[in-house]
Amino acid sequence: RDVERSRGLGDVYKRQLFGICALLSACMGESGDVWKYGSQAGVIRATSEKYIQLYSGDRVTSEILQEQTYKVGDCCMIDYKVNYGKPDSIEPGYYKVDVLKYEPVPRWDIQTTIDTTSVTPDESFLTLNWLKSLYVDGCLFIYPEYKRYYTSQRDSFRIFYDPEMEPEIDELTGKRCLHVYLRSTCKYDMTDTIYQSKIRLPQALDISELVAQAKERGYVSGDSLNVRVSYPEYFLADSSAFGWRTSEALTILLKGKKKS
């Protein structure tokens, strides 16, 4: 089996910028108080109207978001433009914007039954840089990297944790970490020869249940939660089990980072 073909996540997201990078260099050249932001990770929420909660902690809304196509809880990457000099478009931390591009991001719910033993031929072996992950209002955005992603490829994710677990001590950092598990499978047309190379495909892992439980039990330090993630890295020689990789301690910031 072509292992390269087994790698993949969700619908192909073609752009290579990350939200955190866009936060650091957001202005893209319009005059005055008009700023553009690119590749911002967000989650749709609602009060009297629908808005997008961003990693920065800000909220943005637009007339287009009020359409039924956009549902509360959906995750996305957006490019948008905001005029900071227009008084009627600004409230503290809440902005009316022009959405320039909207890309849906698949969201996957966390499960409480851990499965580390079942073996499927469609298992995906992920390449992940956890330092690029972003936490936005209950969802952890991750950005797997793929050497090849075929046009017919469709993927699914599962993330697990044990509700009764106690934090583990990370030997390298000494941090108290909760342990979660991540698995992915993919399907594609074996005759498909068209693919994209070297792409990153954002996915959103809904860990709100894990975060709520961690807060209740006192596992959250300040505004941060430490976790370690285990995920399959390769088949063992007889293909009856996986070799697993465990990430280093990942500190999840539970409150957004404000733009400077």
Side-chain angles (χ1 to χ4, degrees), residues 9-67 69-107 128-145 196 198-208 223-224 251-260:
L9 306 170
D11 294 332
V12 174
Y13 183 77
K14 300 179 181 178
R15 295 174 301 171
Q16 303 299 308
L17 297 177
F18 291 100
I20 190 168
C21 296
L23 286 174
L24 297 176
S25 56
C27 182
M28 298 196 291
E30 284 209 28
S31 61
D33 292 321
V34 177
W35 284 57
K36 293 181 181 178
Y37 295 87
S39 301
Q40 302 292 287
V43 181
I44 295 182
R45 301 301 185 195
T47 51
S48 59
E49 62 180 354
K50 284 183 280 190
Y51 62 88
I52 298 177
Q53 182 68 56
L54 299 174
Y55 168 72
S56 65
D58 288 339
R59 298 173 295 159
V60 298
T61 189
S62 174
E63 290 183 5
I64 193 174
L65 291 178
Q66 310 317 312
E67 298 177 4
T69 305
Y70 303 96
K71 296 180 173 58
V72 174
D74 284 353
C75 297
C76 62
M77 303 290 288
I78 65 165
D79 298 351
Y80 68 91
K81 180 172 66 173
V82 58
N83 185 349
Y84 290 112
K86 189 177 180 182
D88 62 353
S89 70
I90 302 177
E91 299 174 22
Y94 190 18
Y95 305 98
K96 292 183 179 179
V97 304
D98 293 326
V99 175
L100 305 177
K101 189 168 186 179
Y102 178 102
E103 293 282 355
V105 173
R107 190 189 75 180
L128 289 161
N129 183 344
W130 291 100
L131 295 178
K132 296 184 184 297
S133 61
L134 298 173
Y135 178 81
V136 184
D137 200 22
C139 293
L140 184 65
F141 284 71
I142 61 174
Y143 301 84
E145 304 172 10
Q196 289 184 304
K198 297 180 179 179
I199 63 172
R200 299 179 178 92
L201 308 177
Q203 302 288 329
L205 309 177
D206 187 343
I207 61 170
S208 55
D223 293 325
S224 64
T251 298
I252 299 173
L253 301 178
L254 301 181
K255 287 189 176 180
K257 181 177 180 180
K258 287 292 183 181
K259 295 187 285 286
S260 57

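Everything numeric here is computed off the predicted structure, so don't read it as measured data.
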Side-chain heavy-atom pair E145, N129 within 4.5 angstrom cut-off: yes
Rounded to the nearest 0.5 Å, what's the gap from SG on C76 to CD on Q40? Could you check? 10.0 Å
Rounded to the nearest 0.5 Å, what separation is found between the OG atom of S224 and the CD1 atom of I252? 9.5 Å
Between Y135 and I207, is there a side-chain heavy-atom distance shorter than 4.5 Å? yes
For T251, side chain to side chain donor-acceptor pair (under 3.5 Å) partners two or more places apart: K175, N226
List for me each residue that meets side chain to side chain donor-acceptor pair (under 3.5 Å) alongside T61, sequence neighbours excluded, and say none if there are none. Q66
Contacts of type side-chain contact (heavy atoms from CB on, under 4.5 Å), residue R59, not counting sequence neighbours: Y51, Q53, Y94
State plainly whether the residues R45 and D137 are in salt-bridge range, i.e. N to O under 4.0 Å. yes
For a 4.5 angstrom cut-off between non-hydrogen side-chain atoms, does F141 reach V43? yes
Got a second to check how far K50's NZ is from I64's CD1, nearest 0.5 Å? 11.0 Å
Could you check whether any side-chain heavy atom of K81 comes within less than 4.5 Å of a side-chain heavy atom of V97, counting everything from C-beta outward? no
If the condition is side chain to side chain donor-acceptor pair (under 3.5 Å), which residues does E67 pass it with, not counting sequence neighbours? none
Verify, without hydrogens or angle tests, whether D206 (side chain) and C139 (backbone) share a donor-acceptor contact under 3.5 angstrom. no
Identify, with sequence neighbours excluded, every residue that meets side chain to side chain donor-acceptor pair (under 3.5 Å) alongside D74. none
Please tell me whether Y80 and Y102 form a close aromatic pair, meaning their ring centres lie under 6.0 Å apart. no
Whether the side chain of R107 engages the backbone of L205 through a donor-acceptor N/O pair (distance < 3.5 Å, no angle test) should be reported. no
So do L54 and V60 actually touch side chain to side chain, heavy atoms under 4.5 Å? yes
